[in-house]
S.K.: 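I have a structure here, written as structure tokens, and I will follow up with some questions on it.
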Amino acid sequence: MKMELIRHAANPVLLPDPSSTWETYNVFNPAVVYHQGEFHMLYRAQGLDWVSRIGYARSSDGIHFTRETEPVFSPQGDYEARGIEDPRVTQIDGIFYMTYTAYGNRPIPGFPATHFGGSVTPMFAQSSNLRDWERIGPLTVGEDNKDHVLFPQKIAGKFVALHRRPPQVWLARSDDLKTWPEQEMEPIFAPRPENLWDSKRVGGGGVPIRTEHGWLLLYHGYDQSHVYRLGACLLDLANPAEVINRPADFLFEPREIWELRGDVPFVVFSGANVVVDGLVYVYYGAADHVVGLATAKLDDLIEHALHD
Ligand code: BMA
């Protein structure tokens with residue numbers, strides 16, 4: 001069944017605030033957690049200095065968000081000097097974990113730079129209240145690696161994360177979230193042939209959704225025209241390194257003017273897919289400028305991921 005996510009009529013659901021210094025230009029690529037009857041959004045914001053910080057907003061209906069006036073998480077140290085980006089958040093055993101990309105001038109001391117003389121570090125942080133965040137540490141250092149996202153529970157006794165070593169999606173396992181042994185890392189899926197939408201690069205999206213048929217993963221990809229789209233795949237429950245099915249078609253692509261034009265054109269990029277009453281709320285950054293919301297019934301997404 002060819003399916004697409006449905007845009008909400010109230011889009012975009014979060015806009016930059018020109019009267020602010022830190023979220024003046026762009027608010028995008030949010031994480032969203034549904035907790036105690038409310039949607040909690042942690043979003044990437046860029047203001048006058050173009051450094052990314054994480055803002056917090058909450059909503060009872062998932063559409064109208066009220067935000068805090070100050071960022072809840074800001075960069076620290078050389079390895080985050082250019083900003084903290086693209087959070088994904090999940091709760092495991094009562095603790096909220098955030099994965100985020102640290103973009104810096106220099107890598108963590110002792111490690112080589114990645115590119116442009118700067119550094120990209122996939123980081124973990126934790127919180128008990130979604131506002132006060134404490135750093136745990138990196139998944140890898142000294143390499144271009146991002147788009148990491150934690151599974152919402154331990155699997156076979158270990159924390160499991162997806163991550164992205166260009167151009168493909170990898171899996172990593174850890175006992176404690178601090179040590180991520182290289183021998184526990186493996187590539188799981190890669191870009192596909194030239195005629196498909198994800199032929200150049202792929203990266204994980206929001207926290208994988210546990211279903212009886214497998215882990216439902218939404219992910220982003222782009223092709224030679226550099227259009228960012230979203231698609232789905234299904235991973236094995238017991239061994240998520242095994243891809244059960246990966247539909248050929250995408251689920252969502254930029255079409256609205258605010259998805260086609262913004263800070264970076266032709267981008268829909270999601271790190272949030274929360275399930276409430278059988279509906280999947282997909283929050284996404286549009287053109288690296290605003291936040292949009294699109295939905296789909298979980299049952300329809302499972303059907304798509306299983307059979308298309
Ligand atoms: C990638 C991501 C995002 C961004 C996207 C499109 O590198 O890490 O931060 O939304 O590019 O510009």
Side-chain angles (χ1 to χ4, degrees), residues 12-16 23 25-32 41-47 50-55 71 73 75 79-89 98-104 114-116 118-124 138-140 143-149 161-170 191 197-207 217-231 250 252-256 258-273 282-294:
V13 294
L14 203 76
L15 294 170
E23 53 181 339
Y25 299 139
N26 300 311
V27 293
F28 59 120
N29 298 2
V32 178
M41 180 186 282
L42 290 134
Y43 59 94
R44 175 176 169 193
Q46 289 177 317
W50 286 100
V51 167
S52 295
R53 298 177 175 80
I54 306 296
F73 198 34
Y79 73 101
E80 296 187 350
R82 298 187 197 181
I84 54 184
E85 307 181 345
D86 305 348
R88 279 93 163 168
V89 176
M98 180 194 288
T99 53
Y100 68 95
T101 305
Y103 183 34
T114 23
H115 50 194
F116 310 125
S119 64
V120 173
T121 312
M123 286 287 296
F124 294 93
L139 187 146
T140 57
E143 63 172 278
D144 180 3
N145 189 342
K146 50 164 75 171
D147 292 325
H148 56 311
V149 56
L162 299 172
H163 57 120
R164 204 276 306 282
R165 285 178 154 153
Q168 73 245 45
V169 173
W170 285 59
W197 61 277
D198 54 358
S199 59
K200 281 283 172 235
R201 209 174 252 209
V202 288
V207 176
L217 173 72
L218 300 189
Y219 71 95
H220 65 266
Y222 63 78
D223 58 11
Q224 58 285 352
S225 59
H226 231 266
V227 176
Y228 275 74
R229 297 181 174 91
L230 304 178
F250 57 83
F252 200 60
E253 67 173 354
R255 281 188 199 151
E256 300 290 330
W258 44 275
E259 297 166 346
L260 302 171
R261 291 287 181 275
D263 195 33
V264 179
F266 307 105
V267 177
V268 290
F269 184 100
S270 175
N273 37 238
V282 179
Y283 295 89
Y284 60 98
D288 285 9
H289 181 49
V290 298
V291 176
L293 166 64

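When a ligand or atom number is given, it counts from 1 through the structure's own listing order.
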S.K.: Identify, for atom 10 (O) of ligand 1, the protein heavy atom at the shortest distance, and state residue, atom and that distance.
M.R.: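 Going atom by atom, the protein heavy atom closest to atom 10 (O) of ligand 1 ends up being Asp288 OD1, 2.7 Å.
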S.K.: Show which atoms of ligand 1 fall inside a sub-4.0 Å distance from at least one heavy-atom site of Asp86.
M.R.: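 So the atoms of ligand 1 that pass are 2 (C), 3 (C), 8 (O), 9 (O).
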S.K.: By number and element, which atoms of ligand 1 are closer than 4.0 Å to a non-hydrogen atom of Val264?
M.R.: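 By the 4.0 Å cutoff, the relevant atoms are 12 (O).
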S.K.: Nearest protein heavy-atom contact for atom 11 (O) of ligand 1: which residue, which atom, what distance?
M.R.: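 Checking every protein heavy atom, the shortest distance to atom 11 (O) of ligand 1 gives Tyr228 OH, 3.3 Å.
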S.K.: Check for a donor-acceptor pair, side chain of Asn273 on one end and backbone N or O of Val207 on the other, with a separation under 3.5 Å.
M.R.: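 The answer is yes, because a donor-acceptor pair under 3.5 Å joins these two groups.
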S.K.: Determine, stepwise, if the pair Arg165 / Asp144 fulfils salt bridge (charged side-chain N to carboxylate O under 4.0 Å, His left out).
M.R.: CA-CA 7 Å; Arg165 285 178 154 153; Asp144 180 3; over 6 Å; no
S.K.: Can a cation-pi geometry be assigned to Arg82 and Tyr103, taking NZ or CZ under 6.0 Å from the six-membered ring centre and within 45° of the ring axis?
M.R.: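 The answer is yes, since Arg82 meets both limits relative to Tyr103.
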S.K.: Which residues pass the side-chain hydrogen bond (donor to acceptor under 3.5 Å, both in side chains) test with Tyr228, sequence neighbours left out?
M.R.: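 For Tyr228 there are no side-chain hydrogen bond (donor to acceptor under 3.5 Å, both in side chains) partners, ignoring immediate neighbours.
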S.K.: For Glu85 and ligand 1, does the shortest N/O to N/O distance drop below 3.5 Å?
M.R.: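 No: no nitrogen or oxygen of Glu85 is under 3.5 Å from one in ligand 1.
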S.K.: Counting only heavy atoms, which portion of Asp147 has something under 4.0 Å from ligand 1: side chain, backbone, both, or neither?
M.R.: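 Answer for Asp147: neither.
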S.K.: Show the atoms of ligand 1 that are less than 4.0 angstrom away from any heavy atom in Arg44.
M.R.: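 In order of number, 9 (O).
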S.K.: Applying side-chain hydrogen bond (donor to acceptor under 3.5 Å, both in side chains) as the test, list every pair that has at least one member in residues 282-293; sequence neighbours left out.
M.R.: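 As it turns out, the side-chain hydrogen bond (donor to acceptor under 3.5 Å, both in side chains) pairs with a partner in residues 282-293, which skip direct neighbours, are Asn26-His289, Glu259-Tyr284.
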S.K.: Can you tell me which residue and heavy atom of the protein come closest to atom 7 (O) of ligand 1, and the distance to 0.1 Å?
M.R.: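 Sorting protein heavy atoms by distance from atom 7 (O) of ligand 1 puts Lys146 NZ, 3.3 Å first.
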S.K.: Does the side chain of Arg44 pick up a donor-acceptor pair with the side chain of Ser52 at under 3.5 Å?
M.R.: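 Arg44 vs Ser52: donor-acceptor pair found between side chains.
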